[in-house]
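Okay, so here's the structure we're looking at.
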Number of protein chains: 2
Amino acid sequence: MNASRIPGQRAGLSRGRVLGAAREQIAEAGLEGLTMRALADRLGVTPNALYSHVESKTGLVDDLLDDVLAEVDEPALGGDPRAALHDLMSSTYDVLLAHPDLVPVYLARQGARGENAQRLGEIMLTQLERAGIGGPAAREAQRVLIVHTIGFAAFTSSAAGDPRVLAPNELRSNFEAGLHWLLAGIGVATQAGP
Amino acid sequence: MNASRIPGQRAGLSRGRVLGAAREQIAEAGLEGLTMRALADRLGVTPNALYSHVESKTGLVDDLLDDVLAEVDEPALGGDPRAALHDLMSSTYDVLLAHPDLVPVYLARQGARGENAQRLGEIMLTQLERAGIGGPAAREAQRVLIVHTIGFAAFTSSAAGDPRVLAPNELRSNFEAGLHWLLAGIGVATQAGP
DNA sequence: ACCTGAACACCGTTCAAGT
DNA sequence: ACCTGAACACCGTTCAAGT
């Protein structure tokens, strides 16, 4: 597109601008529409210019994934640990569904390598500890809750394009039902379901 | 590779042979190694010849996915419905882990379009009914159990390439723990965990 | 350090032709 | 109907060069 620049001239790119453009591209054309070449076009740059700010397409997507988790609401520090765990998973579900194209990629990658993913994982362990669950049992509970939350978000987002769709409301309350069953099994359940 | 054939000569291809070669290719080179061109090479054929037996690469993978589910053990008809549900999900988990490269694709696709997937879904509903769960509650339970099983299989298979790995045994008993929590919550639990 | 130009080594899929 | 030959419209990534 932009042939007015010659080698050596800056285009004003930055890592942040590249990630932002990637989010725009996904929003407009879906995950399959996110190619290095389309991304370069959007930024008015040749494809290889991106590699000055991003190590690879895989790395770019990894950063995108972890950035999404920054939007998850952290529970208050002093509150009820059971409610905190419920709200944390529930907020994660909502945040994931706000970026439906990225959800299927989550379980494919190792679930917890980015900064935000690790931080959320530690918050979970802290709240589990406060609820009386520690050691290996806490890590078991943590994995089950993560799988349920990301898995159900993936299920919901893939069902969105289906002909005989369920209403998102129904799938959300389905997610909540499972979450309560799990919290009860782990031993941190509130008295009543919603 | 094979330049000895001229247009019009048969190569002896069939849908079954294509699917079989696809499985071999995945086993040797992983899912990313499954390309139409590599598949054609393996069969001694030009890439476009495959389109006489398969509608697209996506369709091929869909068939591969559903074929895997044919290996799942069906529960005995007359037994305890709680045990049947447990064994069915447990067998599904094992079968999925026997094909780790295909697992991440499952949740990305609509979970239940193939023949075998639908058949297993109906078996679940039958056993839930026998356990006293019917109607919308049964479909809720069904979704939660499916998400847990496929999700945990995906988690386990992605953790297999990890440096600080957990033993597969540990992840399997982690899966079992979550499964028992869910069955208890649904209302079809056995008295004791494993 | 940041970008362009050009290229490498691939993809899935289609179209026309041959038997 | 089943295959080849050739091509279309793409990919991610690398290498050399320019400022």
Side-chain angles (χ1 to χ4, degrees), chain A residues 1-26 28-65 101-102 104-105 108-109, chain B residues 1-26 28-65 101-102 104-105 108-109:
Chain A
M1 288 288 192
N2 199 338
S4 62
R5 230 176 293 102
I6 59 170
Q9 286 191 324
R10 307 299 155 98
L13 250 53
S14 69
R15 180 181 187 75
R17 282 200 58 198
V18 172
L19 289 175
R23 269 185 285 269
E24 289 177 23
Q25 183 67 18
I26 288 178
E28 287 180 22
L31 184 65
E32 68 180 350
L34 177 65
T35 68
M36 298 302 268
R37 296 175 120 95
L39 191 52
D41 257 23
R42 175 178 288 274
L43 290 161
V45 165
T46 56
N48 43 4
L50 300 173
Y51 290 85
S52 297
H53 303 92
V54 159
E55 58 196 354
S56 69
K57 188 187 176 181
T58 305
L60 192 162
V61 173
D62 281 339
D63 291 343
L64 246 38
L65 290 175
D101 289 297
L102 286 174
V105 192
R109 299 268 207 284
Chain B
M1 287 291 192
N2 200 338
S4 60
R5 229 177 294 102
I6 58 171
Q9 286 193 324
R10 307 299 155 98
L13 250 50
S14 69
R15 180 181 186 75
R17 282 200 58 199
V18 172
L19 289 175
R23 269 186 284 270
E24 288 176 22
Q25 184 66 20
I26 288 178
E28 289 182 21
L31 185 65
E32 69 179 349
L34 177 65
T35 69
M36 298 302 268
R37 297 176 118 96
L39 192 53
D41 257 22
R42 176 179 288 273
L43 290 161
V45 164
T46 57
N48 42 4
L50 300 173
Y51 290 86
S52 297
H53 303 93
V54 159
E55 58 195 354
S56 69
K57 188 185 175 182
T58 304
L60 191 162
V61 173
D62 281 340
D63 291 343
L64 246 37
L65 290 175
D101 289 296
L102 286 175
V105 192
R109 299 267 207 285

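Below, read A as the first sequence line, B as the second, and so on, with proteins coming before strands; counting in each chain starts at 1.
Of all heavy-atom pairs between A/A11 and A/V45, the closest is CB-CG2, 3.9 Å. Summarising the geometry of B/L19 relative to B/L60, their closest heavy-atom pair is CD2-O, 4.2 Å, with the distance given to 0.1 Å.
Following rounding to the nearest Å, A/L50 (CG) and D/dT14 (C1') show an atom-to-atom distance of 14 Å. Atom OH in B/Y51 sits roughly 18 Å away from atom P in D/dG5 (whole-Å rounding). With rounding to whole Å, A/E55 atom CD is found 15 Å from C/dC2 atom P. Atom CG in A/N48 sits about 8 Å away from atom C1' in C/dC3, given to the nearest Å. Across the protein-nucleic acid pair, A/M36 atom CE and C/dC3 atom P stand 13 Å apart, rounded to whole Å. Remark: P of C/dG12 and CD of A/E32 are 14 Å apart, rounded to the nearest angstrom. Nucleotide D/dA1 holds its P atom 17 Å from the CZ atom of B/R15, rounded to whole Å. Straight-line distance from the NE2 atom of B/H53 to the P atom of C/dT13: 16 Å, rounded to whole Å.
Judged purely by atom type and a 3.5 angstrom limit, B/R17 has no side-chain atom pairing as donor or acceptor with the backbone of B/L43. Formation of a donor-acceptor pair under 3.5 Å by the A/Q25 side chain with backbone atoms of A/T35 is not found in this model.
Out of D/dT13, C/dG12, D/dT4, the shortest distance to the side chain of A/R37 is found at D/dT13. Of the candidate nucleotides D/dT14, C/dC3, D/dG5, C/dC3 has the atom lying nearest to any side-chain atom of A/S52. The side chain of A/R10 lies closest to C/dA1, out of D/dC3, C/dT4, C/dA1. Comparing atom distances between the A/V45 side chain and each of D/dT13, D/dC3, C/dT4 picks out C/dT4 as nearest. Closest approach to the B/P47 side chain among D/dT13, C/dT13, C/dT14 is made by C/dT13 (side chain taken as heavy atoms from C-beta onward).
Across all strands shown, A/A11 has heavy atoms under 4.0 Å from sugar-phosphate atoms exclusively, and none from any base. Across all strands shown, A/T35 has heavy atoms under 4.0 Å from sugar-phosphate atoms exclusively, and none from any base.
Distance noted for atom P between C/dC10 and D/dA9: 22 Å (whole Å). D/dA17 and C/dA1 are spaced 14 Å apart, taking the C1' atom of each and rounding to whole Å.
A distance of 9.5 Å separates CD of B/E24 from CG of B/L39, quoted to the nearest 0.5 Å.
OP1 and OP2 of C/dC3 both lie 4.0 Å or more from every side-chain N or O belonging to A/R5.
For B/K57 and A/T46, each mapped to the nucleotide of DNA chain C holding its nearest heavy atom, the one lying further toward the 5' end belongs to A/T46.
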